[in-house]
Amino acid sequence: MIIQGENKMALYVADTSQASLKMESGTFGVASGGTFWLGLVQEVSIDENTNPFIIRQVNSSTRSVSQWENGPLDVDFSTTLYPQDWRFLYLTMGSVVSTSGVSSSHAIKELNSGDLFANLTSGALTNFPTFTIEDAHVAPGTGLNFVRTINGGMVDSMEISISEGEMVSVSINGQAQNVVYSSGAATAVTAQTLTPYLWQHCQVHIPSGTMIEPVTEATVTISNNLDRHHYINGSRVIATITPINRDYEISVSLHGDTNYTKTFYDSYFIPGSEFNMMINMIAKSGTTSAVGTRSCALIFSGCKLIDMEAPTAIENITEQTLTINAKNLTATVIDGNAKLALF
């Protein structure tokens, strides 16, 4: 407890921390609309690089640095969470069409540079959805909080990890325009109590419609390969961020099985045949035991098995690892959110 008039120190303890999300629309780096729950956040990290210029010069009469000057300001961020919805998948892919109802359906699709339609873009130079994240370290008392808000955030990569006997985990890496500091109150956000997605809610289908039984781990990585631009415009911060080439990589680890090994090796890996695949996740509701109230189906097309590891060991079940690249991804999400975008 902070007592007025005394020099007391308050520690920032994890249980008082909070993180929240807002969308941007119309102006890059400016939040719009209400506040959204991120999910069951495990960590938020903000990396601000001031890139100072180190100046050495002749006639300085010293071997040390002569002068510092401020350089371009770069902001990178990351967060790890257990997902309760798939709003970040939309922010990674770029486009969503929602059909609202008791259980709303969201068709998430790729947004390409030449597409005219996007649910949420910010300014003439920015052709991809952007958002803000508030990361707050909260202490008792007034004016003692450490609140940083990243503005103009964009997803560089998203990793969805599914492991045997574990909760589904999502890792987000991104870039942002700037960070605004405040010692004031953190933004209020309503916590969700929905059941997170678990390993038992998930299935891997190769090809689509054929479930692979002995899968022990599956990881999906979506990369936007962002390029930030420090234009000559009188500002240290970036003017915009542009997604360049998009990449999909799916890693599947499984126990060697006579039903699947020959197909993977002899039909897909060596011949190089393309195939489709699906990762289907169907979670239980947070208030009922009914299955199917929330789901996410990741449907990959133009898949190519680019590596198949099948080492021989002296003990245990033989383990195999498939590395798959895909041309395209579409996702269908069903949940209780009327919309995943701002409008």
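It should be emphasised that the depicted structure is a prediction, and the values quoted were computed from it without experimental measurement.
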Undergrad: Judged by modelled atom types alone, do R236 and N51 share a side-chain donor-acceptor pair under 3.5 Å?
TA: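 No donor-acceptor contact under 3.5 Å links the two side chains.
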Undergrad: As a quick check of understanding, evaluate side-chain contact (heavy atoms from CB on, under 4.5 Å) for I279 and I162, giving each step before the final call.
TA: CA-CA 10 Å; I279 296 179; I162 308 167; 3.9 Å; yes
Undergrad: I need the N276 CG to K327 NZ distance, nearest 0.5 Å.
TA: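 Separation between the atoms: 10.5 Å.
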Undergrad: Please determine whether side chain to side chain donor-acceptor pair (under 3.5 Å) holds for the pair T219 and S251, giving the CA-CA distance in whole Å, both sets of side-chain angles, and the decisive distance to 0.1 Å.
TA: CA-CA 5 Å; T219 302; S251 175; 5.4 Å; no
Undergrad: Supply the atom-to-atom distance K22 NZ to T187 OG1, rounded to the nearest 0.5 angstrom.
TA: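 Taking NZ in K22 and OG1 in T187, the distance rounds to 5.0 Å.
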Undergrad: Would you say the side-chain atoms of S104 pair up with the backbone N or O of N337, donor to acceptor, closer than 3.5 Å?
TA: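 The answer is yes, because a donor-acceptor pair under 3.5 Å joins these two groups.
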Undergrad: For the pair T92 (side chain) and F88 (backbone), establish whether a donor and an acceptor sit closer than 3.5 Å, ignoring hydrogens and angles.
TA: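 Checked: pair present.
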Undergrad: Without swapping roles, check the side chain of N224 against the backbone of L226 for a donor-acceptor pair under 3.5 Å.
TA: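 No; judged by distance alone, with no hydrogens or angles, the pair does not exist.
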Undergrad: Kindly compute the distance separating CD (E309) from OG1 (T321), expressed to the nearest 0.5 Å.
TA: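 E309 atom CD to T321 atom OG1 measures 5.0 Å (nearest 0.5 Å).
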Undergrad: Taking all non-hydrogen atoms of both residues into account, name the closest pair between C296 and Y197 and its distance.
TA: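 Looking at all heavy atoms of both residues, the closest pair is N-OH, 4.2 Å.
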Undergrad: How many angstroms lie between CG in D266 and OG in S273, if you round to the nearest 0.5 Å?
TA: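 Here the interatomic distance stands at 9.5 Å.
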Undergrad: Below 4.5 Å, heavy atoms only, C-beta onward: do L91 and M158 meet side chain to side chain?
TA: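 With C-beta onward as the side chain, the pair stays apart.
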Undergrad: Taking all non-hydrogen atoms of both residues into account, name the closest pair between V168 and C202 and its distance.
TA: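 Scanning both residues, the minimum pair turns out to be CG2-SG, 3.7 Å.
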Undergrad: Indicate if W199 and M278 have the same hydrophobic cluster label, given that clusters are the connected sets of ILVMFWY residues with side-chain heavy-atom separations under 4.5 angstrom.
TA: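 Different clusters.
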Undergrad: Determine whether N173 and D76 make a side-chain contact, defined as any pair of heavy atoms from C-beta on separated by less than 4.5 Å.
TA: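 No. Closest side-chain heavy atoms not under 4.5 Å.
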Undergrad: So which heavy atom on P311 is nearest to which on E319, and how close?
TA: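 Looking at all heavy atoms of both residues, the shortest contact is CD-O, 3.5 Å.
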Undergrad: Using side-chain heavy atoms (C-beta onward) and a distance below 4.5 Å, is T149 in contact with S182?
TA: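 Side chain of T149 against side chain of S182, heavy atoms only: no contact under 4.5 Å found.
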Undergrad: Less than 6.0 Å separating the ring centroids of F131 and Y90?
TA: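 No - the distance between ring centres of F131 and Y90 does not fall below the 6.0 Å cut-off.
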Undergrad: Would you check if L329 and L298 make a side-chain contact, meaning some heavy-atom pair closer than 4.5 Å?
TA: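 In contact.
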Undergrad: With a 6.0 Å cut-off (strictly less than), is the heavy-atom count around CD of E213, excluding the residue itself, greater than 12?
TA: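 12 or below, so no.
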Undergrad: Check R228 with D156, please: is the shortest side-chain N to carboxylate O separation under 4.0 Å?
TA: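 Not counted as a salt bridge, because no side-chain N and carboxylate O are separated by less than 4.0 Å.
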Undergrad: Tell me whether N151 contacts the main-chain N or O of T132 through its side chain, where contact means a donor paired with an acceptor under 3.5 Å.
TA: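 Such a contact is absent between N151 side chain and T132 backbone.
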Undergrad: Side chains of F28 and L125: does their closest heavy-atom pair fall under 4.5 Å?
TA: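 No; the side chains remain at least 4.5 Å from each other.
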Undergrad: If you group Ile, Leu, Val, Met, Phe, Trp and Tyr by side-chain heavy-atom gaps below 4.5 Å, do L21 and I46 land in one group?
TA: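 In one cluster: yes.
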Undergrad: If the plane angle is over 60° it's perpendicular, under 30° parallel, otherwise tilted; pick one for Y231 and H229.
TA: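 Taking H229 first and then Y231, their aromatic rings lie parallel (interplane angle under 30°).
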Undergrad: Honestly curious: do M167 and W37 fall in one hydrophobic cluster under the side-chain, below-4.5 Å linking rule?
TA: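 Result: yes, single cluster for both.
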Undergrad: Taking atom types as modelled, find out whether S161 and E159 have a side-chain donor-acceptor pair closer than 3.5 angstrom.
TA: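 There is such a pair between these side chains.
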Undergrad: Ignoring hydrogens and angles, tell me if any N or O in the side chain of H106 forms a donor-acceptor pair with the backbone of W86 under 3.5 Å.
TA: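 No, because the side chain of H106 does not come within donor-acceptor range (under 3.5 Å) of the backbone of W86.
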Undergrad: Would you say M277 and H205 make side-chain contact, with heavy atoms under 4.5 Å?
TA: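 No - every pair of side-chain heavy atoms lies 4.5 Å or more apart.
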Undergrad: Kindly give the heavy-atom pair with the smallest separation between S32 and S25, and that separation in Å.
TA: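 It is CB-N, 4.0 Å.
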Undergrad: Quick check against the 3.5 Å criterion: does Q203 have a side-chain atom that pairs as donor or acceptor with the backbone of M211?
TA: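 Not a single qualifying donor-acceptor pair exists.
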Undergrad: Using 30° and 60° as the class limits, which term best fits the ring planes of Y248 and F300: parallel, tilted or perpendicular?
TA: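 It falls in the perpendicular class, over 60°.
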Undergrad: Keeping the roles fixed (side chain from S267, backbone from F264), state whether a donor-acceptor pair exists under 3.5 Å.
TA: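 It does not hold such a pair.
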Undergrad: Would you say that more than 12 heavy atoms from the other residues, nucleotides or ligands in this model lie under 6.0 Å from the NZ of K304, or not?
TA: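 Atom NZ in K304 is crowded, with more than 12 foreign heavy atoms closer than 6.0 Å.
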Undergrad: Just wondering, do R87 and M23 contact through their side chains at under 4.5 Å, heavy atoms?
TA: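 Yes, close enough: below the 4.5 Å cut-off.
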Undergrad: Can you tell me if CG on N59 sees more than 12 non-hydrogen neighbours from other groups inside 6.0 Å?
TA: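 Incorrect, the count does not exceed 12.
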Undergrad: Is there a donor-acceptor contact under 3.5 Å from the side chain of E249 to the main chain of T323?
TA: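 No, E249 side chain to T323 backbone: no donor-acceptor pair under 3.5 Å.
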Undergrad: Going only through I, L, V, M, F, W and Y residues with side-chain contacts under 4.5 Å, is there a path from F269 to I250?
TA: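 Yes, because F269 and I250 connect within a single hydrophobic cluster, where side-chain heavy atoms sit under 4.5 Å apart.
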Undergrad: Got a second to check how far T195's OG1 is from R294's CZ, nearest 0.5 Å?
TA: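 Interatomic distance, T195 OG1 to R294 CZ, rounded to 0.5 Å: 6.0 Å.
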Undergrad: Would you say that L40 contacts L81 through its side chain, given a criterion of any heavy-atom pair below 4.5 Å between the two side chains?
TA: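 A side-chain contact under 4.5 Å is absent here.
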Undergrad: Apply side-chain contact (heavy atoms from CB on, under 4.5 Å) to residues V138 and Y12 and explain how you reach the verdict.
TA: CA-CA 6 Å; V138 180; Y12 297 114; 6.0 Å; no
Undergrad: Take N325 and D247, measure what side-chain contact (heavy atoms from CB on, under 4.5 Å) needs, and give me the verdict at the end.
TA: CA-CA 8 Å; N325 289 159; D247 295 310; over 6 Å; no
Undergrad: Looking at every heavy atom in both I324 and C303, which two are closest together, and how far apart are they?
TA: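 Minimum heavy-atom separation between I324 and C303: CG2-CB, 3.9 Å.
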Undergrad: Could you see if V147 belongs to whatever hydrophobic cluster contains V44? Use Ile, Leu, Val, Met, Phe, Trp, Tyr and a side-chain cutoff under 4.5 Å.
TA: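 No; V44 is not reachable from V147 via cluster members.
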Undergrad: Do side-chain atoms of N225 reach the backbone of N245 as a donor and acceptor pair under 3.5 angstrom?
TA: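 Confirmed, N225 side chain pairs with N245 backbone.
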Undergrad: With respect to R148, which candidate in D135, V180, V75 satisfies the side chain to side chain contact (heavy atoms under 4.5 Å, CB included) definition?
TA: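 Between R148 and the candidates, side chain to side chain contact (heavy atoms under 4.5 Å, CB included) is satisfied uniquely by D135.
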Undergrad: Compare every heavy atom of K339 with every heavy atom of S98, then report the nearest pair and how far apart it is.
TA: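 Nearest pair, atom of S98 first, then K339: OG-CA, 3.9 Å.
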Undergrad: Just checking I244: does its CD1 atom have more than 12 heavy atoms from other residues, nucleotides or ligands closer to it than 6.0 angstrom?
TA: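 Correct, the count exceeds 12.
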Undergrad: Evaluate the criterion side-chain contact (heavy atoms from CB on, under 4.5 Å) for residue pair L340 and L89; output intermediate values, then yes/no.
TA: CA-CA 9 Å; L340 295 182; L89 181 60; over 6 Å; no
Undergrad: Between E274 (side chain) and G302 (backbone), is there a donor-acceptor pair under 3.5 Å?
TA: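 Between the backbone of G302 and the side chain of E274 there is no qualifying donor-acceptor contact (under 3.5 Å).
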Undergrad: Say you draw a straight line from OG of S17 to CG of N145; how long is it, rounded to the nearest 0.5 Å?
TA: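 Reported to 0.5 Å precision, the distance equals 9.5 Å.
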